[in-house]
Amino acid sequence: MPGATATAATRRLNRRGFGSRPTARTVAHSAWHAFDMAVVPQTAYARDGDAHHLAYQIVADGGSDLLFVPTGTFPIDLLWDEPTVARHLRRLASFSRLIITDLLGLGSSDAVPIHDRPAMQAWTDGLVAVLDAVGSECASIFATSESALPAMLLAATHPQRVRSLVLWSPYARFLRADDYPYGMPEPTFSRYVDAFGENIGTGAVVDALAPSWAGDAGKRRWWARGERLAGGPGYFKAIFDLYLRTDVRPALDSIQAPTLLLRRRGDRHVTDGHARYLADRIPRARLVEFDGNDNVWFAGESDRVLDEIESFVTGSRAATPTNRVLSTVLFTDIVGSTERAEALGDAAWTAALDVHNEVVARHVGSARGDVIKFTGDGALATFDGPARAITCACAIRDAVQDLGLDIRAGLHTGEVEMIDRDVHGIAVHIAARIMALAGPGEVLVSGAIPPLVLGSRIAFDDRGSHELKGVRDRWPVLAVRDAGT
């Protein structure tokens, strides 16, 4: 009997102390409507090494894992205070083990210094830390607008951890560029961010992001409270500006997980063109559009949105195992190695190389990278984040100077293929060619890297565009002026 099933499910909820989904797939939607008054799930913390604490909740204990990453406007400890939102979250929990997290720097997660914001990879690191904390080897990810940026990087750099990807109203880049006409032009963008900062905490943002809720005073108060508790106007504006200036387009081709892109046609924040761009470039992506003008998924006609998500998450195949991954490739080379070897003699030179290799291995390991191989007078290493790779390259350069050695380094972020502990692909060739342009003590990077490290203190000097042997087109090259350490 449906009533008996719902009663048994409610007893299980009370024993567990949080909102779990009923195990019987035949329970009608009315059953999970009854769960709306269940106890709010407890917030726990994951740790990203010794650096940061990430707040998360587990809303159910059955089904495949679904990690929901809301934007910073909606701290997870306040999501449950709005009945409509709580009902939709429990619908997600009815077909998954739902995991919810606050992004780094927002909500109940650790704050970040307002003038020393980490690169986007830190937000991706936080998602990995949450998955580790809940024991999830592979999860579907549901992310929205700004939170879709670290989710896409997660899928590209850690493909084995992402079963499938659901992106609501996403963008890879918000600003307009010569090769990206869908973005907002710079003068308008600056005014847009300023207006956002001025309206944070007042409830006025509802008019633009959830017009169907604009006349509901209770929802406006809930929204405004979430904004105020997310970090305050000045802090939140700085984080918002960082996200809107980030560009993850280099990652898109490396996303192998089946991807569902969702948006409303009248969205005033992420306008038409952004999602279509993603659909054209993510290999296994499908775009579904809905009528309406709400940017947030839980406003407006949300049941159809949830129907699409449930069908996709429960029925989609997992990402095919792949040896292709988005990676930052680092090449280093000892400058004047031949002359140095002749001056020292074979035995002394061999000893110097051994110490050099130990220094490289230690720094690469500390930066969560992998030494692929030593090249006689240099090294090839890969990293899952460009900021760590740059910091590591500069640390190696400084450390080997104490040995009387000068190195040069080149870095590029792109897709590589891992085969038998070696890496292959055009990204490897680009990094090698960029290294060849460097002088003693220089760390050069390709133009793909700076947009991925926005927010960090890493600073660059423009070195123009160059033709790289064996690589099509000209490539922007920049020198690291300050690694921000």
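We're numbering straight along the sequence, starting at 1.
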How far does CG of L244 sit from CG of L454, to the nearest 0.5 angstrom? 11.0 Å

Ignoring hydrogens and geometry, is there a side-chain-to-backbone donor-acceptor pair from S164 to V313 under 3.5 Å? no

Got a donor-acceptor contact below 3.5 angstrom from the S254 side chain to the V325 backbone? no

Should we count CZ of R481 as having more than 12 external heavy atoms under 6.0 Å? yes

The reported gap from CG in D461 to CG in L444 (rounded to nearest 0.5 angstrom) is 10.5 Å

V162 and C138: which non-hydrogen atoms are nearest, and at how many Å? C-SG, 3.8 Å

Enumerate the side-chain hydrogen bond (donor to acceptor under 3.5 Å, both in side chains) contacts for residues 334-363, please, sequence neighbours excluded, ordered by first and then second residue. S337-D377

So do L437 and L468 actually touch side chain to side chain, heavy atoms under 4.5 Å? yes

Closest non-hydrogen atom pair between L165 and A257, with its separation: N-CB, 4.5 Å

Given the rule in the side-chain contact (heavy atoms from CB on, under 4.5 Å) test, do E467 and R474 qualify, once you have shown the distances and angles that lead to the verdict? CA-CA 5 Å; E467 291 184 358; R474 296 179 66 86; 3.3 Å; yes

Could you walk me through whether V471 and I426 pass the side-chain contact (heavy atoms from CB on, under 4.5 Å) check? CA-CA 8 Å; V471 180; I426 191 65; 4.0 Å; yes

Could you work out, with ring pair (Phe, Tyr, Trp, His ring centres under 6.0 Å) as the rule, every residue matching Y171, not counting sequence neighbours? F174

With a 4.5 Å limit on heavy-atom distance, are the side chains of D253 and R281 in contact? yes

Output yes when a side-chain donor or acceptor of W123 lies under 3.5 Å from a complementary backbone atom of A151, and no otherwise. no

Q256 side, atom CD; R284 side, atom CZ - distance, nearest 0.5 Å: 7.5 Å

Side-chain touch I309/F95, heavy atoms, less than 4.5 angstrom: yes

Before giving the answer on side-chain contact (heavy atoms from CB on, under 4.5 Å), spell out for R286 and E308 the whole-Å C-alpha distance, their side-chain angles and the decisive distance to 0.1 Å. CA-CA 11 Å; R286 177 170 65 92; E308 286 286 346; 3.9 Å; yes

Any non-hydrogen side-chain atom of Q121 less than 4.5 Å from a side-chain atom of V453? no

Quick one: which residue pairs count as a salt bridge (charged side-chain N to carboxylate O under 4.0 Å, His left out) with a foot in residues 388-407, not counting sequence neighbours? D125-R388, D384-R388

Rounded to the nearest 0.5 Å, how far does CG of D370 lie from CZ of R421? 5.5 Å

When rounded to the nearest 0.5 angstrom, what distance separates CG in L66 from CD1 in I99? 7.5 Å

Are the side chain of D110 and the backbone N or O of H53 linked by a donor-acceptor pair below 3.5 Å? yes

So W297 and L306, side-chain contact (heavy atoms from CB on, under 4.5 Å) or not? Walk me through it. CA-CA 9 Å; W297 63 273; L306 289 164; 3.7 Å; yes

Quick one: do the Y180 and H274 side chains pair a donor with an acceptor below 3.5 Å? yes

Take R191 and E198 through the test salt bridge (charged side-chain N to carboxylate O under 4.0 Å, His left out) and record every step on the way to the result. CA-CA 11 Å; R191 293 192 296 270; E198 292 169 1; over 6 Å; no

Minimum heavy-atom distance between A399 and V359, given as atom pair plus value: CB-CG1, 3.6 Å

Name the orientation class of the two ring planes belonging to F240 and H269 (parallel below 30°, tilted from 30 to 60°, perpendicular beyond 60°). parallel

Any residue meeting salt bridge (Lys or Arg N to Asp or Glu O under 4.0 Å) with D247, in chain and number order, not counting sequence neighbours: R173, R249

For the student: nearest non-hydrogen atoms of L478 and S446, plus distance: CD1-O, 4.0 Å

Quick check: do R264 and V305 have side-chain heavy atoms less than 4.5 Å from each other? yes

Checking D102 side chain against I76 main chain: does a donor-acceptor pair fall under 3.5 Å? yes

Distance, nearest 0.5 Å, that separates CD1 of I372 from NE2 of H424: 9.5 Å

Tell me the ring pair (Phe, Tyr, Trp, His ring centres under 6.0 Å) pairs involving residues 383-414, sequence neighbours left out? H412-W475

Quick check: closest heavy atoms across Y56 and Y45, and the distance to 0.1 Å? CE2-C, 3.5 Å

Pairing donors with acceptors under 3.5 angstrom, does anything connect the side chains of T328 and T413? yes

Output all residues satisfying salt bridge (Lys or Arg N to Asp or Glu O under 4.0 Å) with R161, sequence neighbours left out; order by chain, then residue number. D132

Side-chain donor or acceptor of S147 paired with backbone N/O of V69 under 3.5 Å: yes

Between I390 and F460, is there a side-chain heavy-atom distance shorter than 4.5 Å? yes

Carefully, step by step, assess E417 and R324 under the rule salt bridge (charged side-chain N to carboxylate O under 4.0 Å, His left out). CA-CA 4 Å; E417 189 170 15; R324 293 187 294 132; over 6 Å; no

Donor-acceptor pair, side chain of T271 and main chain of R268, under 3.5 angstrom: no

Any side-chain heavy atom of L103 sitting closer than 4.5 Å to one from Y243? yes

Is the closest side-chain heavy-atom distance between R97 and I58 below 4.5 Å? yes

At their closest point, which heavy atom of S109 faces which heavy atom of A55, and how far apart are they? OG-N, 2.9 Å

